[in-house]
K.L.:
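This structure is in structure tokens; I'll ask about it shortly.
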Amino acid sequence: MSDRGRAAADDVRRALAHAMATERLRIVATLIGTTGDWDLAEDAVADAAERALRTWPRDGVPDNPAAWLTTTARRRAIDVIRRAHNERAKLVDLAALEALTGAGEARATPVVDDRLRLVFTCCHPALSLEARVALTLKVVAGLSTAAVARAFLVPEATMGQRLLRAKNKIANAGIPYRVPTPAMLPERLDGVLAVVYLAFTEGYAATDDATAEEAIRLGRLLVELVPDSDEARGLLALMLLQHSRRDARLVEGELVSLEQQDRRRWDRAAIDEALDLGRIPGAAPGKYRLQAALAAVHATASRADDTDWPSIVTLYDELLRVVPSPVVALNRAIALGMGNGPQAGLAALDALAGDPRMTGYHLVPAARGHLLAQLGRSAEAVDSLDRAIELAPTERERRQLVRRRDELGDTGD
Amino acid sequence: MRYLMFVAMDPDRGEDDPEVDDIDDWVARHDASGARVIGDRLRPVEDATTVRRRGGKLLVTDGPFAESREWVVGFDVLDCADLDEAIEIASRHPMAASGRLELRPFWGDDDDAGDATA
């Protein structure tokens, strides 16, 4: 093949990383499609990558590293099936072998991208939500089992078991390897978006940038694979905008509220990429599109004081129609307090405080404390913040609330 | 693939959904397509009999083997290409709206189930 001879270790690593980033998923998806064997597909790609690390330094980086990986992984899969076939004849394997050795080459442009089949199968609703997220991160994003385990804060062995169970269910329950029928597609696509967003928030909450970035890559993939879905675009924009604040939202391990973040530390490239993901004409805005629009209002205000609060209230009104959730209503009340003054915010807050779903939710008294403080009712504000501190679910949020309460205590009565 | 579809009452059932089929239509449609292999309603648990063999002795008792708030009132055996087809068929059964359906794949004759790839 290549006659350039030896290649430097750095060049090999870079070429391999690039080829894997662009081709790994395609190879895995196609091998699963032809063999139906998930482990075989993942192992064959891993084996091809190892082989590249061994042979490329000696023989040089091939002219087309991606094609080299595809061919090597397919040969590996054929070897494994042949060996297994000698041990115990299986018709399934014979069919797979035929597909791998023959038709695989001829089928240059499949009608449906195998990657899309793989995404829908990993996100099938017959799998538990946790299994869907774990499987998507492992098989679609290509994270190691150890990395997925870290994202879920469970031991690697536990995650290995969970992934195995999920793969077994796919085989045993007959979960298909295909894009759903048109009748099922909208619902299933929503499910896929939810899985990707959950992977992102999982990473975001744990301030695990690597997982959040994998989720963003998955978001880009969905935009590529389902180009006519405005919600896929909205989700990618939303994740990019949230991720753009990663360096500003956490300073020395402490959470910084949006108003107080140093906006120079926001990632402009991520914001620009998000703002370029405009709405598809004619598409009714869904929940991700609306949340992205909300985040975009903040992203385009150069100072917190310049925030366009009336637009934010209007967007929350629209979001409430799509997602009638009391948490959305709470955020709308806060925005109203910022735009129309704390009295208006308090009135809106009172209207939803009776909702039983909000009982024990720390952000309600936190918002109340914030609004009361603005009205100069410091003693009541401190009481509300005390209540919020009691209810705060994480130590980090508790410390943020304590700081705000202590600031009030210093300036108040 | 074959699935045994349990048809169960749901004690916390919601309102009926007009999108489902009438049961006679549902049976006729899926008998005609060949997806429904067999099915029937089941008599209530008062008419159930439980049979066990323990230490060489036959134990026959009145009633079901499990007390449950949800009880199985019928079953169908479905022969489908995959789970999505079975879900599609189940989703139009009248009891999808007023009860619950459980799809259990047949074990099949796969002799090396659970066998990991070398």
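Residue numbering restarts at 1 for every chain, and letters A, B, ... go by the order of the sequence lines.
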K.L.:
Could you pull out the closest heavy-atom pair between B:I87 and A:H124, with the gap in Å?
P.N.:
CD1-CE1, 3.8 Å

K.L.:
If you count every heavy atom of other residues, nucleotides or ligands that lies below 6.0 Å from B:F65 atom CZ, does the total exceed 12?
P.N.:
no

K.L.:
Could you give the distance from CD1 (A:I175) to CE (B:M1), rounded to the nearest 0.5 Å?
P.N.:
10.0 Å

K.L.:
Return yes when atom NZ of A:K287 has more than 12 non-hydrogen atoms of other residues, nucleotides or ligands closer than 6.0 Å, and no otherwise.
P.N.:
no

K.L.:
What are the residues of residues 181-192 of chain A, in order of number, with any heavy atom under 4.5 angstrom from a heavy atom of chain B?
P.N.:
A:T181, A:M184, A:R188

K.L.:
If I compare all heavy atoms of B:D82 with all of A:G174, which pair ends up nearest, and what's the gap?
P.N.:
CB-O, 3.3 Å

K.L.:
Atom CD1 of residue position B:I38 - does it have more than 12 heavy atoms of other residues, nucleotides or ligands inside 6.0 Å?
P.N.:
no

K.L.:
Which atom names give the shortest non-hydrogen contact between A:A173 and B:P105, and what distance separates them?
P.N.:
CA-CG, 3.7 Å

K.L.:
Check this for me: A:R75, atom CZ, are more than 12 non-hydrogen atoms of other residues, nucleotides or ligands nearer than 6.0 Å?
P.N.:
no

K.L.:
Does CZ in A:R54 sit with more than 12 non-hydrogen atoms of other residues, nucleotides or ligands closer than 6.0 Å?
P.N.:
yes

K.L.:
Does a sphere of radius 6.0 Å around CZ in B:R29 hold more than 12 heavy atoms from other residues, nucleotides or ligands, not counting ones at 6.0 Å or beyond?
P.N.:
yes

